Every structure is written in structure tokens, then in C-alpha cells.
2 protein chains.
Amino acid sequence: MQTELAIKCFQAIGQTHRLSMFRLLATAGETGHLAGELAHALDIAPSQVSFHLKELEHAGLVFATREGRFIRYRIEATQVAALMEFLLSDCCRGRPELCTPQAQIPPLKQTQGA
Amino acid sequence: MQTELAIKCFQAIGQTHRLSMFRLLATAGETGHLAGELAHALDIAPSQVSFHLKELEHAGLVFATREGRFIRYRIEATQVAALMEFLLSDCCRGRPELCTPQAQIPPLKQTQGA
DNA sequence: TCTATATTTTGATAATTATTGAAATATAGA
DNA sequence: TCTATATTTCAATAATTATCAAAATATAGA
């Protein structure tokens, strides 16, 4: 992931409403959520939901599909993964212990004991 | 990690200069960097370095120690790890495959530690 | 077609954040 | 003490981002 895009992503989830949406969409998985559902869940005006969803979309973290009058938003898993990788390998390059809490690395066979 | 703090962290690294500093400090590890070194590396005014470092510090991502006339900044590894965990378990709860692609876990070859 | 509903777009304003330059603070060493 | 250097703080301004309300767009169904 390019630095510029990573910044956009961090900026996107660095805001109350957008982080809430991000979390709702992440946990909803394939099901996603309709824009209206998010508006109701966050209790904010539809124009604001639209505004913030667009920010997330521009960062590539979510995508939209129309369903009749409704628009469903889903998390873009590959982008989330890419962002994760950016943090892990690009920012903390060579120092995985720095950014990787133990709980996070279950399936790793260590070549050397720490 | 509390949501509010996570937002502060994402906001902190969601800015060009601050992400640059964050990366420099992360890869520098225990050595860290003097404020002046960062100013030189990023080619920005000292007052700006100070401003942005404070944002990172307020987010708990870095900390400062005085060394005579100099001030050395280092990454706060535990906070970075906590942020990582927030993304992994708090945002993508129950869907680890969503945020943690295999490619993300680095080889963990501990060459030269601190 | 017309009406109702879901959502987006637009434009104005408010709020926050970043930048700049100057002044202040802290410390080292003469 | 005084001077030089490193860094921070402050105040003003610029730039960006968020909020709000109204209007526009898209679609379903009568």
C-alpha cells in the first residue's frame, strides 16, 4: 500500500462516526449494512452518513452496491488487510515484536526463541 | 484500548508529517531520534516538528526524554501493539481472516535486537 | 404517469487542524 | 555570569474537515 493511501485510510477511521461505521461494517461481514441502517444506528442525518461513507469509500475501505432504492455498504476486506500489512511490515519493518501483540500471532512458527 | 484513544491514534498517524515521524521512530526502535533529527529528515520548521510530535505523544504513540539540550523521542511499543490489537480484535471481532491475511505475519527473524 | 421512500449532492457555515514566524524556555559550556 | 543551541510555546492566519438544511436523484409500486 502506498503511503498516501495509508494516510487516507488512517484519516478515514480517525473520526468518531466513521470508526463506528467501519466497525459495524467489519463485523457485519458479507451482509453489510444499508445506508439507512447506519444512519439509524449512529443517529445522524442521512447527508452526514453519505458524507462519511464516501470518505471510507474513497479510502477503499468500503464499497457500495445498489439494491433497488437502497444502497448496501460492505467492508473491503483486502484493503483492511493491506492497511494491516502496512502497519506491520512497512512501519515496523524488522521489528515485528514492536507492533504485534502476542495474541495476534498464533499460527507462526518461530525459528528462534525470543 | 478505548475507542476514543484509538481515534486519537488513527488521527495522529493519518497525517503526512506525523506518519513519517512515526515510521522513522518505529524503525529506529530504542535508539529513537532527536527532535532536530526529525526536523532535518522531514525538512520542516522546528515549531512544526514540536507540534506534530506532541500530537503523537498525546495519542500515546511516542514519548520524550530530555538529554541535555536535546530531546529524544522514541516509539511507545505497547501503545502501537494495543492499536494493532484494537484493529484486529475490536474492529474485526470474530472475523480474523478479514484483517489478518497470512502475508501479514512477517518471518520474525530477529537479527539484531536492542 | 404520480407519489413515496432512500440516498446523494450542494451550498453555507461552523469547527478543527496545520502552518508560519517570533518569542520564550531550558541547558551546556566558556 | 553570558552566549549559543535545541526545543517549545504562542498568536495569527490559512487550510481542511464536519455539520446542517434544502434540493436533487434514483427507484419502487400504485
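Letters A, B, ... are given to chains in the order of the sequence lines, protein chains preceding strands, and every chain is numbered from 1. What you see is a predicted model; the values in this text were computed from it and never measured.
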| Using a cut-off of 4.0 Å on non-hydrogen atoms, how would the nucleic acid contact of A/Q48 be classed: base, sugar-phosphate, or nothing? | sugar-phosphate
| query | For B/L42, what residues pass the side-chain contact (heavy atoms from CB on, under 4.5 Å) criterion, not counting sequence neighbours? | reply | B/H17, B/S20, B/M21, B/L24, B/I44
| said: Less than 4.0 angstrom between a side-chain N/O of A/H52 and OP1 or OP2 of D/dT17, yes or no? | reply: no
| said: What's the closest nucleotide to the side chain of A/S47 if the choices are D/dA22, C/dT19, D/dA18? | reply: D/dA22
| request: Please say whether more than 12 non-hydrogen atoms of neighbouring residues, nucleotides or ligands are located less than 6.0 Å from CD in A/E67. | output: yes
| said: Using whole Å, what does the distance between atom C1' of nucleotide C/dT8 and atom CD of A/E67 come to? | reply: 17 Å
| Between A/R72 and C/dA6, does any side-chain N or O lie under 4.0 Å from OP1 or OP2? | no
| request: Measure the distance from CZ on A/F51 to C1' on C/dA6 and round it to the nearest whole Å. | output: 20 Å
| said: Rounding to an integer number of Å, can you tell me how far B/I71 CD1 sits from C/dA26 P? | reply: 11 Å
| In whole angstrom, what separates A/R66's CZ from C/dT7's C1'? | 7 Å
| field | Nucleotide nearest A/L34 (side chain, heavy atoms from C-beta), chosen from C/dT20, D/dA18, C/dT7 | value | C/dT7
| said: On the nucleotide D/dA6, are OP1 or OP2 found under 4.0 Å from the side-chain N or O atoms that B/Y73 carries? | reply: no
| note | Per the under-4.0 Å heavy-atom filter, residues of residues 35-46 of chain B near DNA chain D come out as B/A35, B/G36, B/P46
| note | Per atom distances to the B/F70 side chain, the nearest of D/dA18, C/dT7, D/dT7 is D/dT7
| query | Whole Å only: how far is the CD atom of A/Q15 from the C1' atom of D/dA18? | reply | 7 Å
| note | Looking only at D/dA4, D/dT7, C/dA6, the nucleotide nearest the A/R69 side chain is C/dA6
| Looking at side-chain heavy atoms only, is the closest gap between A/L5 and A/Q79 below 4.5 Å? | yes
| From D/dT8, D/dA18, C/dT19, pick the nucleotide closest to the side chain of A/E55? | D/dA18
| Nonpolar side-chain network containing B/F51, other nodes, edges under 4.5 Å | none
| remark: Per the under-4.0 Å heavy-atom filter, residues of residues 7-14 of chain B near DNA chain C come out as B/Q11
| For A/L53 and C/dA6, what is the distance between atoms CG and P respectively, to the nearest whole Å? | 16 Å
| request: Look at the side chain of B/E37 and the backbone N and O of B/L34, then say whether any donor-acceptor pair between them is shorter than 3.5 Å. | output: yes
| field | Student check: side-chain heavy atoms of A/Y73 and A/L56 closer than 4.5 Å | value | no
| said: I need the NE2-C1' distance between B/H58 and D/dT8, as an integer number of Å. | reply: 12 Å
| query | Is any side-chain heavy atom of A/I71 closer than 4.5 Å to a side-chain heavy atom of A/T65? | reply | no
| Shortest non-hydrogen separation from B/M1 to B/C9 and the atoms involved | CE-SG, 4.2 Å
| Heavy atoms, side chains only, cut-off 4.5 Å: are B/E76 and B/V62 in contact? | no
| task | For DNA chain D, produce a single dot-bracket line, 5' to 3'. Pairs: Watson-Crick or G-U wobble, both distances under 3.5 Å. Symbols: ( ) within strand, [ ] crossing, | other strand, . unpaired. | result | ||||||||||||||||||||||||||||||
| query | Listed by chain and number, what are the side-chain contact (heavy atoms from CB on, under 4.5 Å) partners of B/T3, not counting sequence neighbours? | reply | A/L19, A/R23, B/I7, B/F86
| field | Note, A/F63 side chain near A/I75 side chain (heavy atom, < 4.5 Å) | value | no
| Heavy atoms, side chains only, cut-off 4.5 Å: are A/Q11 and B/Q11 in contact? | no
| said: Distance check needed: D/dT17 P versus A/L56 CG, whole Å only. | reply: 14 Å
